[in-house]
Amino acid sequence: MLNANPSGSDSPLSVVPSEKNPLLEALGERVRTLRARRGLTRKAVAVSADVSERHLANLEYGTGNASILVLQQVAGALQCSMSELLGDVTTSSPEWLLIREMLENRSEAELRRVRIGISELLGAGTQDDARHRRIALVGLRGAGKSTLGQMLANDLDVPFVELSREIEKFAGCSIREIHDLYGTNAYRRYERRALEETIQIHADVVIATPGGIVSDAATFNQLLTHCTTVWLQAAPEEHMGRVTAQGDTRPMAASTEAMEDLRRILNGRSAFYSKADMTVDTTGQTLEQSFAALRGLVRQAEGAASR
């Protein structure tokens with residue numbers, strides 16, 4: 001543990017040797033590096049962070065497990081973010097740090113333009129002329145992706161692919177069994193493979209995606225790059241009503257606060273769903289009204305792409 005008694009030197013102090021945790025060692029190394037980069041003594045950082053110098057020394061030498069609040073104080077003293085102190089991928093090189101600094105405090109619209117620009121610069125899918133002919137529907141279960149997707153595919157006279165079924169084909173078992181037997185990480189791998197194969201096989205297609213496809217950034221990037229995406233949006237109450245009518249309340253089945261769980265899931269995913277090219281709000285709409293809105297947007301997008 002860290003000793004909070006103050007000390008006045010910049011030496012390692014009397015750090016008690018102990019078996020070090022690799023995570024704490026790496027954290028300590030980043031603190032020392034950041035301190036050196038800014039030309040600060042340990043005493044100066046300790047004073048600015050309002051912690052004892054011994055406390056900071058133990059942190060730097062990987063022998064103390066600092067609290068989150070202490071780390072926040074140290075990050076403030078070193079004039080860096082918590083993520084830089086803890087060491088995410090954007091701290092791995094000067095270029096990463098410079099890029100991240102340029103992107104901080106930008107609006108969502110600006111960040112979207114940057115993402116698209118980076119995709120074009122790196123050549124990620126920019127030559128995919130079939131993008132506007134692949135229509136992918138995103139949203140929570142109960143949004144109508146399967147029903148409206150099949151109707152849209154019939155109207156466009158193209159294949160309809162329900163990605164969940166393709167995932168089960170890859171795995172040779174049901175979605176539930178994938179999660180139970182192999183875990184979420186394995187499911188995400190099957191999901192990505194199923195999407196990649198669908199994109200490779202079909203230039204003209206309507207795809208109904210699983211609600212959680214936005215949980216994996218790489219897979220969602222693939223979807224945005226190679227497909228025209230439509231978010232089928234609905235109020236939480238309508239999602240719940242439709243899912244319950246289908247006899248399927250996963251993943252809320254074991255929860256006594258199912259509606260609150262659903263709201264949290266929707267709130268957590270909405271920022272990603274909103275990256276879709278188009279949005280159709282099905283709240284309070286009949287099936288026919290929702291399909292008319294979806295068909296109109298897709299036809300309009302097709303017309304714009306062909307000009």
Side-chain angles (χ1 to χ4, degrees), residues 83 88 108 111-112 115 135-150 152 161-168 170-171 173-195 198 206-225 227-285 287 290 293-294:
S83 61
D88 67 6
E108 281 293 301
L111 291 174
R112 179 187 179 93
R115 173 174 58 80
I135 309 300
L137 307 180
V138 301
L140 287 184
R141 286 194 321 280
K145 291 173 295 183
S146 297
T147 303
L148 291 171
Q150 184 66 71
L152 182 63
V161 173
E162 190 151 11
L163 205 60
S164 293
R165 305 289 80 81
E166 301 306 308
I167 294 169
E168 291 178 334
F170 267 113
C173 58
S174 70
I175 298 294
R176 184 182 293 275
E177 288 172 325
I178 297 172
H179 284 287
D180 290 345
L181 296 174
Y182 310 116
T184 301
N185 289 339
Y187 170 79
R188 294 299 170 207
R189 290 195 296 271
Y190 284 124
E191 183 179 60
R192 191 179 307 179
R193 287 177 57 193
L195 177 62
T198 299
V206 175
I207 307 169
T209 67
I213 199 167
V214 297
S215 300
D216 185 272
T219 303
F220 192 46
N221 258 329
Q222 284 281 313
L223 191 74
L224 293 173
T225 299
C227 303
T228 295
T229 48
V230 184
W231 177 18
L232 295 184
Q233 188 179 27
E237 293 78 11
E238 294 212 14
H239 278 295
M240 179 62 79
R242 295 169 189 172
V243 169
T244 302
Q246 296 166 4
D248 179 9
T249 57
R250 295 171 299 142
M252 289 80 71
S255 174
T256 57
E257 300 177 345
M259 180 58 72
E260 191 58 36
D261 289 343
L262 187 145
R263 289 183 191 278
R264 278 195 291 267
I265 293 171
L266 184 57
N267 288 339
R269 293 177 179 174
S270 289
F272 292 92
Y273 290 148
S274 67
K275 302 304 175 188
D277 298 288
M278 298 172 280
T279 299
V280 174
D281 192 341
T282 64
T283 303
Q285 302 294 302
L287 180 62
S290 296
L294 174 62

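Once rounded to the nearest 0.5 Å, the distance linking CD1 of Ile135 with CE of Met278 reads 5.5 Å. Between the CD atom of Glu177 and the CD atom of Glu168 there is a distance of 8.5 Å, given to the nearest 0.5 Å. Between Ile178 atom CD1 and Glu191 atom CD the span is 9.5 Å, to the nearest 0.5 Å. Put simply, CG on Leu137 and OG1 on Thr228 are 11.0 Å apart, with the number rounded to the nearest 0.5 Å. Atoms CZ and CD1, on Arg269 and Ile213 in that order, are 11.0 Å from each other to the nearest 0.5 Å. Atom-to-atom distance recorded for Glu238:CD and Gln233:CD is 11.0 Å, nearest 0.5 angstrom.
Shown here for Leu266 and Pro236, the closest heavy-atom pair between the two residues is CD2-CG, 3.8 Å. Thr229 and Ala276 make their closest contact through OG1-CA, 3.2 Å (heavy atoms, listed as atom of the first residue, atom of the second, distance). The shortest heavy-atom contact between Pro210 and Lys145 is C-NZ, 3.7 Å. Residues Ile175 and Ser164 approach most closely at CD1-O, 3.8 Å, considering heavy atoms. Pairing each heavy atom of Gly149 with each of Val206, the nearest pair is O-CG1, 3.6 Å. Shown here for His179 and Thr184, the closest heavy-atom pair between the two residues is ND1-OG1, 3.8 Å.
Environment of OH in Tyr182: sparse, with no more than 12 heavy atoms of neighbouring residues, nucleotides or ligands closer than 6.0 Å.
In this structure, Val138 and Val214 have side chains that are not in contact, with every pair of non-hydrogen atoms separated by 4.5 Å or more. The closest side-chain heavy-atom distance from Leu287 to Leu148 is below 4.5 Å. Residues Phe220 and Leu224 meet the side-chain proximity criterion, which asks for heavy atoms closer than 4.5 Å.
Relative orientation of the Tyr273 and Trp231 rings is tilted, given thresholds of 30° and 60° on the angle between their planes.
Using modelled atom types, no side-chain atom of Thr282 and backbone atom of Ser290 make a donor-acceptor pair closer than 3.5 Å. At distances below 3.5 Å, at least one donor-acceptor pair connects side-chain atoms of Ser274 with backbone N or O atoms of Ala271.
Judged as a salt bridge (charged side-chain N to carboxylate O under 4.0 Å, His left out), and not counting sequence neighbours, the contacts of Glu237 are Arg263.
A donor-acceptor pair shorter than 3.5 Å can be found between the side chains of Glu162 and Ser146.
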Give the intermediate values and the outcome of salt bridge (Lys or Arg N to Asp or Glu O under 4.0 Å) for residues Arg193 and Glu166. CA-CA 9 Å; Arg193 287 177 57 193; Glu166 301 306 308; over 6 Å; no
